[in-house]
**Q** 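Before we start, here is the structure in question, set down as structure tokens.
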Amino acid sequence: MPMFASRGAYVGKPLQLDPFHGRHPEFSAIEVAGMSFHRSKGLEADYTILLDVSEGDYGVPSRIEDDELLNLVIPRPERFAYAEERRLFYVAMTRASRGTFILCNRRKPSRYIRELCEIAGNEVRFETIDGRELDQCPSCLVGELVERKGRNDTSFFGCNQFPECRHTQQSAPAVLHRERTGEGVVVETVKRVKAV
């Protein structure tokens with residue numbers, strides 16, 4: 001579920017942020033480098049892409065336990081769970097001068113994406129890889145509101161993170177409402193963050 005951090009001013013159809021303004025880019029002077037969060041410290045790029053920012057053994061944060069010997073040499077334990085990995089995520093996310101794309105598993109997004117949503121509030125926008133805006137669940141902050149059928153063939157909207165999130169609502173979410181009615185919203189571009 002791609003995310004977009006955005007704010008500002010436009011009216012009409014939702015704006016897809018496009019650094020190339022609809023033209024095909026020329027890649028004569030492009031440099032692409034793959035590296036770990038650790039190796040990105042101190043570097044800067046126009047755009048960064050953070051891959052697989054999802055929960056799991058090899059996810060962000062990793063569920064693999066640190067060696068017990070490491071606990072003996074650390075002067076005092078961290079106050080927050082996964083504190084070092086949280087700092088590394090922040091380092092990786094802030095290497096971009098123009099935008100950051102965060103790609104994650106739609107069913108298991110990292111807890112850091114939820115924290116980012118809590119901090120940024122309405123500044124975060126979820127999108128599909130092709131740029132279609134998704135309705136973010138107001139309860140869990142990482143799920144997408146999708147239309148579902150209830151008893152007696154009634155329609156309602158529920159979070160796709162069910163059963164972990166049980167948010168439902170009768171009215172159409174904001175993005176779907178805008179798509180159905182053609183109404184515009186006010187948005188201004190700041191930074192780009194994506195996830196899948």
Side-chain angles (χ1 to χ4, degrees), residues 1-8 10 12-17 48-63 80-83 85-86 88-90 92-93 99-196:
M1 65 191 84
M3 271 193 286
F4 242 104
S6 56
R7 67 179 167 180
Y10 80 86
K13 189 175 178 185
L15 174 69
Q16 182 176 356
L17 299 180
T48 59
I49 302 169
L50 307 182
L51 302 174
D52 197 23
V53 181
S54 304
E55 292 286 326
D57 288 346
Y58 298 99
V60 180
S62 172
R63 297 262 174 89
F80 300 103
Y82 307 110
E85 291 207 29
R86 181 177 281 105
L88 283 171
F89 177 72
Y90 177 78
M93 193 173 65
T100 299
F101 298 86
I102 300 176
L103 303 170
C104 71
N105 179 320
R106 177 183 294 229
R107 290 294 300 155
K108 298 185 297 184
S110 170
R111 67 190 68 212
Y112 301 149
I113 294 174
R114 177 174 286 122
E115 290 174 9
L116 182 63
C117 292
E118 289 170 357
I119 293 166
N122 292 333
E123 302 297 314
V124 175
R125 185 172 109 178
F126 287 87
E127 287 190 345
T128 62
I129 226 44
D130 63 355
R132 184 179 63 81
E133 186 178 2
L134 300 173
D135 276 300
Q136 185 177 355
C137 175
S139 183
C140 73
L141 302 177
V142 294
E144 171 192 357
L145 294 179
V146 293
E147 191 166 9
R148 303 206 186 262
K149 291 285 183 192
R151 295 184 184 118
N152 303 325
D153 245 6
T154 58
S155 291
F156 68 95
F157 296 88
C159 182
N160 72 340
Q161 297 294 310
F162 180 85
E164 290 83 17
C165 177
R166 297 183 173 276
H167 177 81
T168 61
Q169 63 188 54
Q170 293 301 316
S171 60
V175 173
L176 185 58
H177 176 75
R178 286 194 303 271
E179 287 175 1
R180 289 179 177 173
T181 63
E183 292 178 13
V185 293
V186 177
V187 178
E188 161 191 314
T189 303
V190 177
K191 250 194 174 176
R192 189 175 200 166
V193 184
K194 274 202 170 191
V196 274

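What you see is a predicted model, and the numbers here were worked out from it, not measured in a lab. Residues take their numbers from the sequence shown, with the count starting at 1.
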**Q** Can you measure from CG (Leu51) to CZ (Phe101) and round to the nearest 0.5 angstrom?
**A** 12.0 Å
**Q** Could you tell me whether the side chain of Pro109 reaches within less than 4.5 Å of the side chain of Arg114, counting heavy atoms only?
**A** no
**Q** Report yes if the side chains of Asn160 and Arg148 come closer than 4.5 Å at any heavy-atom pair, otherwise no.
**A**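 They are in side-chain contact.
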**Q** Does any non-hydrogen side-chain atom of Ser54 lie less than 4.5 Å from one of Ile113?
**A** no
**Q** Return the set of residues passing side-chain contact (heavy atoms from CB on, under 4.5 Å) with Leu141 (not counting sequence neighbours), or none when no residue passes.
**A** Cys117, Glu118, Gln136
**Q** State which residues pass side-chain contact (heavy atoms from CB on, under 4.5 Å) with Ser155; sequence neighbours excluded, sorted by chain then number.
**A**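 In terms of side-chain contact (heavy atoms from CB on, under 4.5 Å), with neighbours along the sequence ignored, Ser155 is linked to Glu147, Lys149.
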**Q** Would you list the pairs meeting ring pair (Phe, Tyr, Trp, His ring centres under 6.0 Å) in which at least one residue belongs to residues 103-122, sequence neighbours left out?
**A**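 Every pair satisfying ring pair (Phe, Tyr, Trp, His ring centres under 6.0 Å) with a residue in residues 103-122: Phe89-Tyr112.
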**Q** Please name all residues satisfying side-chain contact (heavy atoms from CB on, under 4.5 Å) with Ser139, sequence neighbours left out, ordered by chain then number.
**A** Cys137, Cys165, His167
**Q** Distance check, rounded to the nearest 0.5 Å: Leu103 atom CG versus Leu50 atom CG?
**A** 8.0 Å
**Q** Return the set of residues passing side-chain contact (heavy atoms from CB on, under 4.5 Å) with Phe162 (not counting sequence neighbours), or none when no residue passes.
**A** Arg166
**Q** Does Met93 reach the side chain of Leu116, with side-chain heavy atoms less than 4.5 Å apart?
**A**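 Heavy-atom side-chain distance check passes, below 4.5 Å.
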**Q** For Val60, is there any backbone N or O sitting under 3.5 Å from a side-chain donor or acceptor partner on Ser110?
**A** yes
**Q** Of the non-hydrogen atoms in Glu55 and Arg111, which two are nearest, and what is the gap between them?
**A**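 Glu55 and Arg111 have their closest heavy atoms at OE2-N, 2.7 Å.
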**Q** Taking all non-hydrogen atoms of both residues into account, name the closest pair between Leu145 and Cys159 and its distance.
**A**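 Scanning both residues completely, I find the closest heavy atoms to be CD2-N, 3.9 Å.
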**Q** Which atom pair, heavy atoms only, marks the closest approach of Phe157 to Pro173?
**A** CD2-CD, 3.5 Å
**Q** For Tyr90, I'd like to know if atom OH has over 12 heavy atoms of other residues, nucleotides or ligands within 6.0 Å.
**A** no
